[in-house]
Amino acid sequence: MSTGTGLTEARQRRVDTGGVELCVAELGDPGRPTVVLVHGYPDSKEVWSEVAERLAKRFHVVLYDVRGHGGSTAPAPLRGGFTLEKLTDDFLAVADAVSPDRPVHLVGHDWGSVQAWECVTVARAEGRIASFTSMSGPSLDHLGHWIKRRAKRPTPRALAQLLGQGAKSWYVYALHTPVLPELAWRGPLGKRWPKILRRAEKIPGTSYPTASLPRDAANGAWLYRDNVRARLSRPRTDARAHAPVQLITPTGDAFLSERLYDDLEQWAPGLVRHTLAAKHWAPRTRPDQLASWIGDFVLAHENSEDHEEDGHAAGRTGGRTDAGTPTTPGTGKGAAPGGPYAQRFGGQLVLVTGAGGGIGRATAFAFAEAGARIVAVDLDLEGAARTAELSRLIGARAAWAEQADVGDGQAMEKLAVKVATEYGIVDVLVNNAGIGLSGAFLDTTAEDWKKVLDVNLWGVIHGCRLFGRQMAERGQGGHIVNTASAAAYQPSKALPAYSTSKAAVLMLSECLRAELAGQGIGVSAICPGFVNTGITSTARFTGVSAEEQERRRRKAARLYGLRNYPPEKVADAVLRAVIRDQAVVPVTPEARGAWLLSRIAPGALRAIARVEPPL
Amino acid sequence: MADQLTSELRGFREVQRLAYACAEAVSGRLGPGVTEREAARMQREWLRARGVRDWFHLPFAWFGDRTAFAGFRIPLQFFPTDRRLEAGMPYILDLAPIHRGFTADVGYSGCLGPHPLHDRLLADLRTHRELILREVRERRTLREIYEDVDRLMIRQGYANRHRAYPFGVIAHKVDRVKERRWSPRVLGFGTQSLKGLASDALRGHREGWSPLWSPYRFSDHPPTPGLWAVEPHLGFRGTGAKFEEILVVTDSRDPEQGAFWLDDDLPHVRRWAEAV
């Protein structure tokens with residue numbers, strides 16, 4: 001995968017628009033649907049190179065340098081040359097040049113999105129835009145109304161939202177000072193900017209930003225000066241979108257609050273939302289996910305718009321014509337189409353081990369309801385197949401069952417290779433497979449120890465090692481969830497081996513979290529507690545006869561049944577942990593209580609450890 | 001088996017067929033916007049017009065995620081609400097008319113429009129019907145059978161929703177009921193039937209069995225002869241499906257005669273046969 005600008009093989013052309021020459025690059029087959037990518041500030045079209053490369057396999061991709069940026073010439077004078085009206089003229093000129101007969105699919109990042117919002121809400125561009133994907137750039141008109149509404153009714157929440165965004169917008173005020181920003185950009189700031197981006201925004205590669213950055217940034221200051229004050233003080237009241245809109249919100253954006261888009265449905269009916277665990281420059285850091293969402297949205301609206309002529313375009317581009325929302329009604333609060341889980345996990349690849357039952361199966365179902373693609377792994381292939389089948393029925397984009405013994409390193413390596421080649425790189429990995437083992441330490445044989453450590457600890461190690469490496473090598477973030485247990489921090493004389501394995505998982509998760517944090521990969525340890533699953537009826541009890549083991553299994557199953565904490569709630573905690581990037585998540589009340597005690601009164605836990613369980 | 005049925009069993013079978021005919025007729029009239037209350041009233045009126053005067057329980061109707069008893073905490077939530085049926089929603093009609101002194105208790109699952117998940121649930125109920133009959137013929141205890149059904153549901157990936165019924169029963173006994181001119185109802189249940197159940201419960205308590213087929217210790221006995229209305233109820237994330245029909249248990253030594261479904265010509269059985 002190249003990390004260069006990737007636009008070397010692009011076809012270049014220049015488009016003249018009102019005294020300015022725009023530098024336009026094209027990739028892909030011009031017969032396919034046209035996707036126009038518009039960059040932000042301080043950037044040039046190269047910010048899109050990674051995404052463009054991926055989209056070019058399926059679409060006719062067009063990028064251009066905004067006036068005054070990159071290879072385009074600047075208006076003279078600069079003041080008044082960057083109004084949204086003129087930027088709209090530029091877009092229309094480019095669209096007419098590259099796709100004179102068919103509307104184009106518009107994608108904007110940062111200021112590219114701000115100007116695209118203008119295009120998609122003014123009447124003269126109606127019919128030229130088939131769809132619009134917006135990220136990290138609100139419409140200034142919508143923003144003006146957003147501010148006014150909150151200033152007019154300054155409830156504590158509204159005030160907090162206003163102040164929050166106000167603080168994130170510090171650079172906007174700075175850019176309004178005369179001359180100084182230009183001096184800074186052409187001087188020290190311009191020189192240090194690449195390093196700042198790499199450090200603060202974790203942007204990989206060395207070829208971005210391009211050498212034109214100081215000029216782009218200096219000229220681009222006029223984007224703010226020409227538009228922000230004018231639009232925010234007198235926002236248009238008719239800024240309704242005339243094309244379908246998809247909004248992608250990076251949750252770690254340092255410049256834009258997620259709350260900015262709260263009222264967006266009123267301006268863009270049928271809005272499709274996605275959230276992305278990324279910082280502001282998602283086109284650099286998450287190109288795979290963006291290309292996938294953009295591609296799906298384009299195809300969905302290419303199919304619905306012109307049935308008669310899309311045969312050559314959408315129909316044969318990989319069979320991904322099912323981009324519509326799943327129709328199966330879900331029950332999870334966040335999983336309903338459009339809910340927070342669906343926004344975050346729609347289309348993502350999720351691998352769950354131990355997915356043949358219990359917490360693993362419930363977790364797979366919860367991700368399935370959110371529209372993810374599921375790989376259900378279990379030793380019991382029949383159980384995994386069942387999970388995959390039901391996952392498809394409740395909204396998973398796709399679901400596959402795989403058989404593997406997580407404790408077997410070679411089998412896991414084979415699985416990792418197969419998953420990577422056939423399904424892709426895993427976005428969320430849930431290392432959940434585990435077995436129970438109860439009985440005194442002195443009754444636990446070396447064989448017992450090996451068995452429980454193989455599954456509970458080595459399973460997690462292999463999962464993290466193989467799939468975590470794939471995630472890290474892709475360099476586009478991800479999340480690992482390890483199922484530990486409340487037994488990881490609650491000692492007990494009845495569960496020495498099990499607790500040891502789970503304590504190791506907990507520590508492993510926390511160490512790994514520290515290691516992978518720099519690569520945008522989160523690691524969470526889930527500590528469920530007593531959950532009503534099949535683990536009781538397969539658990540091994542050491543030091544007792546077969547009948548006694550059977551009796552204890554039944555008794556334990558009955559007690560867990562009485563407790564009746566459903567695995568679905570644990571699954572919900574897993575999804576929440578991924579969205580919030582939580583480190584350690586005790587789930588049931590007793591698990592939370594023990595967690596609290598472990599912090600404030602570990603002696604109490606040690607006392608509880610001596611209690612004989614009622615089996 | 002049909003020709004060997006005693007006149008008594010024929011009576012039960014007729015009213016069970018009547019109840020299923022009612023469910024199918026009402027199901028055909030359900031459309032978008034119909035409420036649960038209206039659906040329950042339709043069933044009541046349809047059966048009243050055909051001579052039903054007493055009930056084991058008044059008809060229930062559950063729509064949408066209420067088919068899986070989502071969020072049910074108290075028994076009053078079983079009663080029909082103003083929930084409206086929408087396209088793509090599953091529904092369950094549960095009715096128990098008494099006709100000429102014979103009781104039926106049937107459950108009918110349907111869906112307004114195509115719903116692949118619902119189809120899957122309905123198809124998977126088949127194995128439960130087979131499992132229950134097989135294990136009753138083996139004279140396993142009711143509690144064991146209950147647990148086996150539970151395990152099968154878990155393996156299938158579903159939740160046991162009959163657990164939500166009073167006493168968590170998967171089945172209960174039904175019997176002949178005296179026809180009275182006035183038969184009031186308590187919380188939707190006919191007093192004559194309740195009286196029958198209560199006297200069975202008392203007798204059973206002395207003899208060590210129960211007219212309720214539950215997961216509890218009082219069901220730890222082999223199936224007792226009589227008529228059992230069996231109602232396994234599957235739930236999966238806001239979609240539920242069940243069937244309910246009468247299982248005849250006799251004291252015959254021949255397993256075939258020891259237990260059999262009262263009628264094999266029922267909508268859900270026919271659907272399975274067509275699928276094959």
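Chain letters run A, B, ... following the sequence lines, proteins first and then strands; every chain starts at 1. Quick note: numbers below take in every heavy atom, side chains included, and nothing from hydrogens, waters or symmetry partners.
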- Item | Interchain contact, B/Glu147 with chain A, by part (heavy-atom threshold 4.5 Å) | side chain

- Note on the structure: Closest heavy-atom pair, A/Leu390 versus B/Gly157, reported as atoms and distance to 0.1 Å, is CD1-CA, 4.2 Å

- Item | A/Phe541, CZ: over 12 other non-hydrogen atoms inside 6.0 angstrom | yes

- Task: Measure across B/Arg155 and A/Arg386 and return the closest heavy-atom pair with its distance rounded to 0.1 Å.
- Result: O-CG, 3.9 Å

- Query: Should we count CD of A/Glu382 as having more than 12 external heavy atoms under 6.0 Å?
  - Reply: no

- Item | Within 6.0 Å of CZ in B/Arg143, more than 12 heavy atoms from elsewhere | yes

- Query: Relative to chain B, which segment of A/Asn532 carries a heavy atom at a distance below 4.5 Å: side chain, backbone, both, or neither?
  - Reply: neither

- Note on the structure: Within residues 120-134 of chain B, contacts to chain A at heavy-atom distances under 4.5 Å involve B/Arg120, B/Asp124

- Task: Would you give the length of the straight line joining atom CG of A/Leu393 to atom NE2 of B/His115, rounded to the nearest 0.5 angstrom?
- Result: 9.5 Å

- Please round to the nearest 0.5 Å and tell me the distance separating atom CG of B/Leu117 and atom CD of A/Glu389. 10.0 Å

- Message: For the CZ atom on B/Arg83, are there more than 12 heavy atoms of other groups (residues, nucleotides or ligands in this structure) within a distance under 6.0 Å?
- Response: yes

